[in-house]
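Owing to the predicted nature of the structure, the values given are computational and were not obtained by experimental measurement. Letters A, B, ... are given to chains in the order of the sequence lines, protein chains preceding strands, and every chain is numbered from 1.
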Amino acid sequence: MNRKLAPLVATLTALAMVSAAGCSGSDDDPGSGTTGGKVELTYWSWAPNMDKVAAAWNAANPDIQVTVNKQDGGDPAVTKLLTAIKAGSGAPDIMQAEYQKIPTLVSADAIADIATEVGSLKDKFPESAWNGVTLGSEAVYGVPQDSGPLLFYYRADVFDRLKITPPKTWDEYAEAARKIRRANPKQHLGTFSATDPGWFAGLAQQAGASWWGVNGQSWTVAIDDEATRKVAGYWGGLVQEGVIDNKPMYTPEWNAALNDGTQVGWVSAVWGPGVLEGNAKDTKGKWKVAPLPQWDAARPATGNWGGSATSVTTQSKHKKQAAKFIAWLNSDPAALKLLVSDVNVYPSAKEATSTALTSPPAFFANQADFYQIAEEASKIANPFTYGPNVNVTYSAYSDAFAKAAEARNAAAFTAALSTMQKTTVDDMKNVGFTVTG
Amino acid sequence: MTLLSPTPRSTVGASPAALAARATPRSRRVGVPYTFLAPALILFTLFLAAPIGYAAYLSLRRVRVTGLGLGAKSRVEQWAGLSNYARSLSDPEFLPSVWRVAAYGMIVVPTMLGVALLMALLLDAGRSRVGGFARISIFLPYAVPAVVASLLWGFLYLPRVSPITDLLAAMSIPAPEMLSSSWVLWAVANIAVWGGTGFNMIVLYTALRAIPTEIKEAARIDGASDIAVAWRIKIPILLPSLVMTFVFSLIATLQVFAEPMTLRPLSNTISTTWTPLMKVYRDAFTRNDIYSAAATSVVLAVATFVLSYGFLKLVGRRAFNQED
């Protein structure tokens, strides 16, 4: 390069870079605006093929056009949304929100109350799902999309060979785990996963726990309560005895164990078939589903693992139109059908069972009553309230229970709960929440 | 390092009269250096100074919630004084993470630099025989991003999917469970050594190439063996490069993040606060508490500065005296 020109070029390049950096904010412009009566909405979701469902809506509603913006997943999308809310612009109109994140989003003033627009949909959803979007208040912060009632998946061929019937209670589950272990020391009926707090919260929910609660103007935190202690003590006992594994789920090792038949059972949610199909395809046709084992067979209950609602953000300028779209998306029979067939979710709407969930998932083609079992489960989900700092609790779970699982010590499992309780309460008090209990 | 001395020193010896005579044109040209500096200064301010300043500002702030914290305007940001620092330093997870990183550094830095030095000396001694192939293959792991390397090693560490375990089993040697609590520090350190040795080897090797051949020839004529040449001539001359690679490794150690973060979901033995930077990440993005994360970051930055500056001060005179 010409030596005299070099500094000039460098200066210009630097200026160009600086101005480019200054403008880069516009890339994330949600693009919501009106052009001649037509409303354009953006929708952040990480569910696969959600754009196909939106396309069906767009074809029928030329005046309200929805663009799906694919997100990486629940956690990064929430971080991104909270940043946009803080910055004052850049948020979408519509947002997929996991149930456990809704209090956090409401607390950050990120999602809007749409009670007037969608309040009438209440009867279309099971109570536990609707409670998840109202937080027990008069407000409605979204419309439930899908739920994840817990179920029990097991290798029917192994159970048949050992003459074990699917466990109806947790005592029977423990007995089945022991039998399987005796027959083949390499096999496990399940694992206690310290990396999946949502899974453990679901099990606590089944036992009757509700980790947070609202009491007037203050929050209550009850993680270290009797119900949760019962669950932690039970799993800690099984891990200490060595009858179930102590390794996390969703590792390459766990995938291999499902596929080669060393993990022969899985306590999971209704979306389990998709995971099994991806990780354990050699075992196709060998799995069956049963209701979750019970603490009290006379009073069956279950918990949830996963599931989300669709919310309107506080930055949306078209709240009414956005609410209209999410009402259609989560309760219209045509949309429910697409949610099942393309997005592969288990819709929360009661109507879905009769209209959309008519044949079992492909991986469970041998079990015609798959969705009947799932529907029974979704009806008996216990109520559970999430708090404004679920993330703090969940990361405390990972740390405390990882130590306990590694130590294979039942007492450490119940002790981990008091760590979770303390971390959660300390965090809330530090931020200024009033916490009682 | 400072082989070229910067040229604009000509005015140092100029007489006052000569300076006065040039005063007028000089004052007109006074803006010129700033024009040249502008791009660097603007970029430095925008992308380094401003974010650091903002982090320091955030570390003195906090959010307060009123009532249930639900609904609009229930959160306000306010001054926090030094409370974030107090909280960050008194967190029971903070000190263990610091000691853990210290132990990790004790493993990684000497091993990595030792192996790199050995490789560099071997390559230099047998320059014609081994050729560029060995150099490239030692350097190659450095080109693998830490996250990818950690995923690859993660597979190798998990007994059920690891070919190494199969191999050891075939020879009836029990394979250690690398991600169990007694081995996990070594497992993480191994990835860092694997990834970092190549870079340090290249730095040291390049410095070795710069040693004039006459010195080595003179030593040989005096009857010095290869080992003696390495110990008495090459390593002393390499000292400045060793100091530099040591400081780089020290900083990399304090900032260890990607490896344990990637291995974390594979095991029960790596907590969310396993290293100080992981704690910063957890506070900022999991707990949504950027204020306390900013405070920890500032503490870490100061510690890094003090350690590397202190070390350079300590060894500076000895390492660099031949260049003064």
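The most heavy-atom pairs under 4.5 Å with chain B, out of Thr195(A), Val431(A), Thr434(A), come from Val431(A).
In this structure, chain A has heavy atoms under 4.5 Å from both the backbone and the side chain of Arg287(B). Looking at Ile111(A), neither its backbone nor its side chain comes within 4.5 Å of chain B, counting heavy atoms on both sides. Only the side chain of Thr423(A) comes within contact range of chain B, with heavy atoms under 4.5 Å apart. Heavy-atom distances place the backbone of Lys429(A), and not its side chain, under 4.5 Å from chain B. Residue contact with chain A, scored on non-hydrogen atoms closer than 4.5 Å, involves the side chain of Glu77(B) exclusively. Heavy atoms of Ser267(B) lying under 4.5 Å from chain A belong exclusively to its backbone. When heavy atoms are compared at a cutoff of 4.5 Å, Val161(B) approaches chain A solely by way of its side chain, counted from C-beta outward. For a residue to count as touching a neighbouring chain, one of its non-hydrogen atoms must lie under 4.5 Å from one of that chain's; by this rule Asp260(A) touches chain B with the side chain only. Only the side chain of Asn288(B) comes within less than 4.5 Å of a heavy atom in chain A; its backbone stays farther off. Only the side chain of Thr79(A) comes within contact range of chain B, judged by heavy atoms closer than 4.5 Å. Neither the backbone nor the side chain of Ala110(A) has a heavy atom closer than 4.5 Å to any heavy atom of chain B. Residue contact with chain A, scored on non-hydrogen atoms closer than 4.5 Å, involves the backbone and the side chain of Phe285(B) alike.
Scanning all heavy atoms of the two residues, the minimum distance from Arg282(B) to Ser395(A) falls at CD-OG, 3.8 Å. Between Arg264(B) and Ser398(A), the shortest heavy-atom contact is NH1-CB, 4.1 Å. Across all non-hydrogen atoms, the minimal contact from Thr251(A) to Pro265(B) is CG2-O, 3.4 Å.
Between the side chains of Arg160(B) and Thr262(A), at least one donor N or O sits under 3.5 Å from an acceptor N or O.
Between the side chain of Arg64(B) and the backbone N or O of Asn430(A), at least one donor-acceptor pair lies under 3.5 Å. Side-chain atoms of Asn391(A) come within 3.5 Å of backbone atoms of Thr286(B) as a donor-acceptor pair (strictly under, hydrogens ignored).
Here the CG atom belonging to Leu158(B) is positioned 8.5 Å from the NZ atom belonging to Lys247(A), to the nearest 0.5 angstrom. Rounded to the nearest 0.5 Å, atoms CG (Asn268(B)) and CZ (Phe192(A)) are 9.0 Å apart. The CG atom of Asp399(A) sits 11.5 Å away from the CD1 atom of Ile270(B) when rounded to the nearest 0.5 Å. The OG atom of Ser162(B) sits 9.5 Å away from atom CD of Glu253(A), with the distance rounded to the nearest 0.5 Å.
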Worksheet item: What do the steps show when you test Lys86(A) against Ile290(B) for side chain to side chain contact (heavy atoms under 4.5 Å, CB included), and what is the final call?
Response: CA-CA 12 Å; Lys86(A) 217 167 182 191; Ile290(B) 49 171; 3.4 Å; yes
